[in-house]
A.B. asks: 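Got a structure here, written out as structure tokens. Questions coming.
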There are 2 protein chains.
Amino acid sequence: MGAVERRARQREEVRSQIVDAARDIVVNEGYHALTMRRIAEAVEYSPAAIYQYFQNRDAIAVAVTSEGFVQLLHAFAPSRSLDNPRARLEAIARAYVDFGLTNPQTYRLMFMEDPEITRALLAQPDRNDPGTQAYLAIVEPIALLAQQGAIDARDDASVRAIADTLWVTVHGIVSLKLTCPTFPETPVDVLIASAMRTFFEGILKR
Amino acid sequence: MGAVERRARQREEVRSQIVDAARDIVVNEGYHALTMRRIAEAVEYSPAAIYQYFQNRDAIAVAVTSEGFVQLLHAFAPSRSLDNPRARLEAIARAYVDFGLTNPQTYRLMFMEDPEITRALLAQPDRNDPGTQAYLAIVEPIALLAQQGAIDARDDASVRAIADTLWVTVHGIVSLKLTCPTFPETPVDVLIASAMRTFFEGILKR
DNA sequence: GTGTTTACTGAACGCTGTTCAGAATATCGT
DNA sequence: ACGATATTCTGAACAGCGTTCAGTAAACAC
């Protein structure tokens, strides 16, 4: 038999063609340029045909964004292999900012464009999704530092509070630089250096 | 005579009616709900008539956003009167987060929605606009602390770098909480307390 | 009151997301 | 191989969007 299998495979193939086309449009022209007709043209279908593969445009945007979280986790990989937890944490933070600035449109989709899109990918209780994995990559070195007594964090909530503090900092750098690259006149490398220095001076016991 | 004056006054009156209607729509339903037809309906004009008062929809959005920066500066007022520069700085930072969280749609328009809108209001060399004034309100206490020798900042750029570091932190808190209120599980009051503590521990000499 | 400038409207254009009846295609049972 | 059935795709349409423009209504100047 296998005909039903092949159909399922072809379906998946078209689905990923659609997502690929959507990603190209978003990356090159921004989310506002992501229209069903543009996608349909790229994959050589009629606009209506797309609805056989995705419920609506939002679902396609979510699929593109989902890939973004995978990419982010991927961008963390080299940093995660560093032995020293402090160096590891700083490298991850810098990789985060780097990812956001080199993938502005994807980052906007992940964290700025539409709360519904972000919620669809981060609000799930599943702890195995790439977004949560990326978050845990930040938590891990902090938990280790706390365990080593290098920072003050009695319980799990305190560790997460520090992780979230770092997260909002790096997210703030990316987010602000993406919306107004010129106004905070401090160059991004100086800004991140200042933020890293302040953060570690702030949390490390001495 | 005075007829030309009265006409100018009436024009200004209609303009502010349009901006008021636009602000209501944005605040209550979000930027996506801000359509020319909705605005026209609110001010009881035909959609085309609006174009006699604003060049296009973006110009109206900019006007609404501009009011947002005035409101932000206003929200800083009580904090700015505090004598102690450290207390003043922290109060301003907390007022910033408070403003963002209590005016989510306005804040989105100011710093997240469309880079063009933000740029139109912040990228001007004029140092008297409310946005820059609000920024200078953050810079001032830091400059004073540097002058007092409480923090390390030799030159003006270093002072601004520290100001920008604080700014990205509070912006990060607001921005992240607005797009995903649930995921960083740390409650916002705990998060800002952690961020403030880390920031001041990080910059204050001891 | 007449002429002229200003304010406004209705209709239209080309977009948008989405729906749906019907046509085309592929699969299945015999 | 062929008719029946399930699936896939299209064209046309709907309502709404920002914006433009010819033409009407109103206010002004003289």
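Atom set for the values below is all heavy atoms of this structure, side chains included, hydrogens, waters and symmetry mates excluded. A note on names: the letters A, B, ... follow the listed sequences, proteins ahead of strands, and every chain is numbered from 1.
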A.B. asks: I'd like to know whether B:Ser194 forms a side chain to side chain donor-acceptor pair (under 3.5 Å) with A:Thr165, so could you lay out the CA-CA distance, the side-chain angles of the two residues, the decisive distance to 0.1 Å, and finally the verdict.
C.D. replies: CA-CA 7 Å; B:Ser194 169; A:Thr165 302; 2.6 Å; yes

A.B. asks: Side chain to side chain contact (heavy atoms under 4.5 Å, CB included), that's the test. Do A:Glu67 and A:Thr106 meet it? Break it down for me.
C.D. replies: CA-CA 9 Å; A:Glu67 285 191 359; A:Thr106 306; over 6 Å; no

A.B. asks: Indicate, with yes or no, if the rings of B:Tyr135 and B:Phe69 have centres closer together than 6.0 Å.
C.D. replies: no

A.B. asks: Over how many whole Å does the gap from B:Gln55 atom CD to D:dT19 atom P extend?
C.D. replies: 9 Å

A.B. asks: Using a strict threshold of under 4.0 Å (side-chain N to carboxylate O), is an ion pair present between B:Glu12 and B:Arg15?
C.D. replies: yes

A.B. asks: Counting only side-chain heavy atoms from C-beta out, which of C:dG17, D:dT19, C:dC8 sits nearest to B:Tyr53?
C.D. replies: C:dC8

A.B. asks: Among B:Glu113, B:His171, B:Gln71, which residue satisfies the side-chain hydrogen bond (donor to acceptor under 3.5 Å, both in side chains) criterion with B:Tyr107?
C.D. replies: B:His171

A.B. asks: Over how many whole Å does the gap from B:Phe54 atom CZ to C:dA7 atom P extend?
C.D. replies: 14 Å

A.B. asks: With the criterion being N/O to N/O and under 3.5 Å, what pairs connect the protein with nucleotides 20-26 of chain C, and how long is each?
C.D. replies:
none

A.B. asks: Tell me: CD of B:Gln10 to C1' of D:dA27, nearest whole Å?
C.D. replies: 10 Å

A.B. asks: Whole Å only: how far is the CD1 atom of A:Ile50 from the C1' atom of D:dT8?
C.D. replies: 12 Å

A.B. asks: So which heavy atom on A:Leu191 is nearest to which on A:Lys177, and how close?
C.D. replies: CD2-CE, 4.3 Å

A.B. asks: Describe the nucleic acid contact of B:Tyr51 in one word from base, sugar-phosphate, nothing, applying a heavy-atom distance below 4.0 Å.
C.D. replies: base

A.B. asks: Return the value, rounded to whole Å, for the distance between atom CD1 of B:Ile60 and atom P of D:dC17.
C.D. replies: 14 Å

A.B. asks: Of the candidate nucleotides D:dC9, C:dT18, C:dT9, which contains the atom at the shortest distance from the side chain of A:Pro47?
C.D. replies: C:dT18

A.B. asks: Can you tell me the distance, in whole Å, between the OH atom of A:Tyr45 and the P atom of D:dT10?
C.D. replies: 7 Å

A.B. asks: Does this structure show an ion pair linking B:Arg80 with B:Glu140, if we count only N-O contacts that are shorter than 4.0 Å?
C.D. replies: no

A.B. asks: In whole angstrom, give the distance that lies between atom CZ of A:Arg57 and atom P of C:dG17.
C.D. replies: 5 Å

A.B. asks: Do the charged groups of A:Asp156 and A:Arg160 touch, with an N to O distance under 4.0 Å?
C.D. replies: yes

A.B. asks: With a 4.0 Å cut-off, would you call A:Glu90 and A:Arg86 a salt bridge?
C.D. replies: yes

A.B. asks: Starting at atom CD of B:Gln52, determine the distance to atom C1' of C:dG10, rounded to an integer number of angstrom.
C.D. replies: 15 Å

A.B. asks: Specify the residues of residues 19-42 of chain A, ordered by number, for which at least one heavy atom lies under 4.0 angstrom from an atom of DNA chain D.
C.D. replies: A:Arg37

